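Here is the structure we will look at.
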Amino acid sequence: MDYLPIFADLRQRPVLVVGGGEVAARKIDLLLRAGAAVRIVAQSLTPELEHRRQALQVSWIAERFEPQQLDDVFLVIAATDDARLNAEVFEQANQRQLLVNVVDDQPKCSFIFPSIVDRSPIVVAISSSGTAPVLARLLREKLETLLPASLGKMAEIAGGWRESVKQRFTSMRARRRFWEQAFDGRFASLVTAGQIPQAEQVLQQQLDNPESISQSGEVTLVGAGPGDAGLLTLRGLQVMQQADVVLYDYLVSDEVLDLVRRDADRICVGKRAGSHSVAQDDINRLLVELALQGKKVVRLKGGDPFIFGRGGEELQAVVAAGIPFQVVPGVTAAAGATAYAGIPLTHRDHAQSVVFVTGHCRPEDNGVQWETLAKGKQTLAIYMGTLKAAEISQQLIAHGRAASTPVAVIGRGTRADQQVLTGTLDSLEHLAQQAPTPALLVIGEVVALHSQLAWFGHHPQTDGVQRPTVVNLA
């Protein structure tokens, strides 16, 4: 081990920084976050550091470095572009047995700055001992995705309860079990949801009578996005990594499923038109049964679970059973697929509003307001509309929308094999028949911007002739 990893208490301790440029400013930002009393020696200061000086956050003590400036400081940092000056600071600090860091000069460092994941008071530091700082930064980025922002608040609350837990449980083993249950149970979920009083109430119940704490699990509804795993939210990834069992739809891509915790059970409960499907009542029942077994259940749904995803219906069943739940929204298909196709949903010159519509209504729903949908200067994003494309086209034209209105059918949006088929409203049925599923119908003047703004995969070829175009990204 080349360096001993330690966490230093810098609160109100004097730290000397030699240098007043951007590099020095970055180090000073970290020092101030740790509460250090920063002294600066520099010929000039960046605007940021000058602002901090005027706000009395730092002290600018001199323009030139003098060895006596080291006499009463705790740490020293040299961050100038003058190699000779940096070397002098290092030598003088070493003579006084002070810890010193010369930025980007590892041999002249008796301490180094690690890459930091800050969830104060939880802090994770990663170091390569100065040999591969870029690798350390990449590791930090990976950890950032796995550690929820609520960790700091959780640790802060736990610190306030430590003494009570010590008095209640005399053995270290009992205390460890208490905190393991808290950090892996309902307390942690409530802190994540911002329900701090309820979280502390759970701790009190667990403290008063540990055996009485319910062992029921929890359901988390997660939006998986339209397909590209890169569009999965950070919170969604964190929850999927903690799941005991995942119920997923056919719309969830294999790339997203690969991010589920390896030892979690996976149950497909998808629905497809014209094929055997799991009934919605059966899905609701399964969610409840698994949670009552004490499992952390993730219900993974394509797009956003609250936009034509029946997420509300499923949570109603969970609530009726008295099971705790969370919701993690996702990028809905209308936002993700159109963005990847280079079609803005709104544009000052073309569309002042956007309407999300489902093309798959219940049989008894016959009150579609075609007059409203047929209005110009708006974009229609129609989910699950390929089977009714002919009716949609006919009704919109009959109620006043021009047959020449630009349309697009985006098949398998955001995925590597995405296809974008464009044409006019009177050709919508033909386009929908060619598109791979799942597909999104987009109707409106903004579709004309596709030829200019397409960026994902191959750009469409245009020759000025009005005809349907296909962009195949496979």
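Treat the numbers as computed from the prediction; the structure is a model and nothing was measured.
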Discussion item. Looking at Leu259, is its backbone amide N or carbonyl O close enough to the side chain of Gln241 to form a donor-acceptor pair, meaning the two atoms are under 3.5 Å apart?
Written reply: yes
Response to the item:
So CG of Leu221 and CZ of Arg310: to nearest 0.5 Å the spacing works out to 13.5 Å
Practice prompt. Answer yes when Arg412 and Asp417 have at least one side-chain N-carboxylate O distance shorter than 4.0 Å, and no when they do not.
Written response: yes
Worksheet item: Ring centroid separation for Phe308 and Phe356, is it under 6.0 angstrom?
Response: no
Discussion item. Counting only heavy atoms not in Arg177 (residues, nucleotides, ligands), do more than 12 fall under 6.0 Å from its CZ?
Written reply: no
Worksheet item: Between Arg137 and Glu141, does at least one N-O distance fall below 4.0 Å, as a salt bridge requires?
Response: yes
Worksheet item: Does Gln195 CD have over 12 foreign heavy atoms under 6.0 Å away?
Response: yes
Discussion item. Given 3.5 Å as the limit, does a donor-acceptor pair link the side chain of Lys27 with the main chain of Phe113, or not?
Written reply: no
Worksheet entry | Check: Glu50/Gln54 side-chain N/O donor and acceptor closer than 3.5 Å | yes
Discussion item. Any side-chain to backbone donor/acceptor pair from Asp304 onto Gly330? Under 3.5 Å, distance only.
Written reply: yes
Worksheet item: Judged by atom type as modelled, is there a donor-acceptor pair below 3.5 Å linking the side chain of Thr338 to the main-chain atoms of Leu345?
Response: no
Worksheet item: Is it true that the side chains of Gln205 and Asn209 contain a donor and an acceptor less than 3.5 Å apart?
Response: no
Worksheet item: Closest approach of Ala408 and Val447, non-hydrogen atoms and distance?
Response: CB-CG1, 3.7 Å
Practice prompt. Could you tell me whether a side-chain N or O of Ser253 sits under 3.5 Å from a main-chain N or O of Gly227, the two making a donor and an acceptor?
Written response: yes
Discussion item. Can you tell whether the side chains of Asp29 and Arg52 come within less than 4.0 Å, N to carboxylate O?
Written reply: yes
Worksheet item: Run the salt bridge (Lys or Arg N to Asp or Glu O under 4.0 Å) check on Glu218 and Lys295 step by step: do they pass?
Response: CA-CA 7 Å; Glu218 183 177 34; Lys295 296 181 177 181; over 6 Å; no
Fill in: Distance (rounded to the nearest 0.5 Å) between Ile116 CD1 and Leu143 CG
13.0 Å
Item to complete: Please examine the side chains of Arg266 and Leu247, heavy atoms only from C-beta on, and report whether any two atoms are closer than 4.5 Å.
Response: no
Discussion item. More than 12 heavy atoms of other residues, nucleotides or ligands under 6.0 Å from NZ of Lys377: yes or no?
Written reply: yes
Worksheet item: Distance under 6.0 Å and angle within 45° of the ring axis: does Arg175 meet both against Phe169?
Response: no
Worksheet entry | Stepwise side-chain contact (heavy atoms from CB on, under 4.5 Å) check, Val288 with Leu292 | CA-CA 6 Å; Val288 171; Leu292 290 177; 3.7 Å; yes
Fill in: Check: Arg53 main-chain N/O paired with Gln57 side-chain donor or acceptor under 3.5 Å
no
Worksheet item: Which heavy atom of Pro329 sits nearest a heavy atom of Thr233, and at what distance?
Response: O-CG2, 3.6 Å
Item to complete: Would you indicate whether the side-chain heavy atoms of Thr379 and Val355 approach each other to under 4.5 Å?
Response: no
Discussion item. Salt bridge or not between Arg415 and Glu255? Use side-chain N to carboxylate O under 4.0 Å.
Written reply: no
Worksheet item: Are Glu200 and Trp161 close enough that a side-chain donor and a side-chain acceptor fall under 3.5 Å?
Response: yes
Item to complete: Could you please spell out the steps behind the side-chain contact (heavy atoms from CB on, under 4.5 Å) verdict for Lys301 and Leu251?
Response: CA-CA 7 Å; Lys301 304 176 77 69; Leu251 292 178; over 6 Å; no
Discussion item. Any non-hydrogen side-chain atom of Val269 less than 4.5 Å from a side-chain atom of Arg299?
Written reply: yes
Worksheet entry | Residues Glu163 and Arg168 bridged, charged N to O under 4.0 Å | no
Worksheet item: Donor-acceptor pair, Ser127 side chain versus Ser129 backbone, under 3.5 Å?
Response: yes
Worksheet item: Within the side chain of Asn101, is there an N or O that forms a donor-acceptor pair under 3.5 Å with the backbone of Phe111?
Response: yes
Worksheet item: For Asp244 and Lys296, what are the C-alpha separation, side-chain angles and deciding distance, and is it a salt bridge (Lys or Arg N to Asp or Glu O under 4.0 Å)?
Response: CA-CA 5 Å; Asp244 296 314; Lys296 292 184 178 180; over 6 Å; no
Worksheet item: Got Phe178 and Phe183 here, is their nearest side-chain heavy-atom distance under 4.5 Å?
Response: no
Worksheet item: How about Arg162: does its CZ atom have over 12 heavy atoms from other parts shown lying under 6.0 Å from it?
Response: no
Worksheet item: Got a sec: does the CG of Asp9 have more than 12 other heavy atoms crowding it under 6.0 Å?
Response: yes
Worksheet item: If you measure from CD1 on Ile323 to CD on Glu289, what distance do you get to the nearest 0.5 Å?
Response: 10.0 Å
Worksheet item: Can you tell me how far CD of Glu22 sits from CD1 of Ile28, rounded to the nearest 0.5 angstrom?
Response: 12.5 Å
Worksheet item: If every non-hydrogen atom of Ile410 is compared with every non-hydrogen atom of Gly413, which pair is closest and at what distance?
Response: CG2-CA, 3.9 Å
Fill in: Test item: His450 side-chain N/O and Ala341 main-chain N/O as donor-acceptor pair under 3.5 Å
yes
Item to complete: Report yes or no: does Tyr383 contribute a side-chain atom to a donor-acceptor pair with the main-chain N or O of Ala334 at less than 3.5 Å?
Response: yes
Worksheet item: Would you say Val191 and Ile196 make side-chain contact, with heavy atoms under 4.5 Å?
Response: yes
Fill in: For the student: nearest non-hydrogen atoms of Pro226 and Gly336, plus distance
CG-CA, 4.1 Å
Worksheet item: How far apart are the closest heavy atoms of Phe456 and Tyr340, and which atoms are they?
Response: CB-O, 3.3 Å
Worksheet item: Which pair of non-hydrogen atoms, one from Leu207 and one from Ser164, has the smallest distance, and what is that distance?
Response: CD2-CB, 4.0 Å
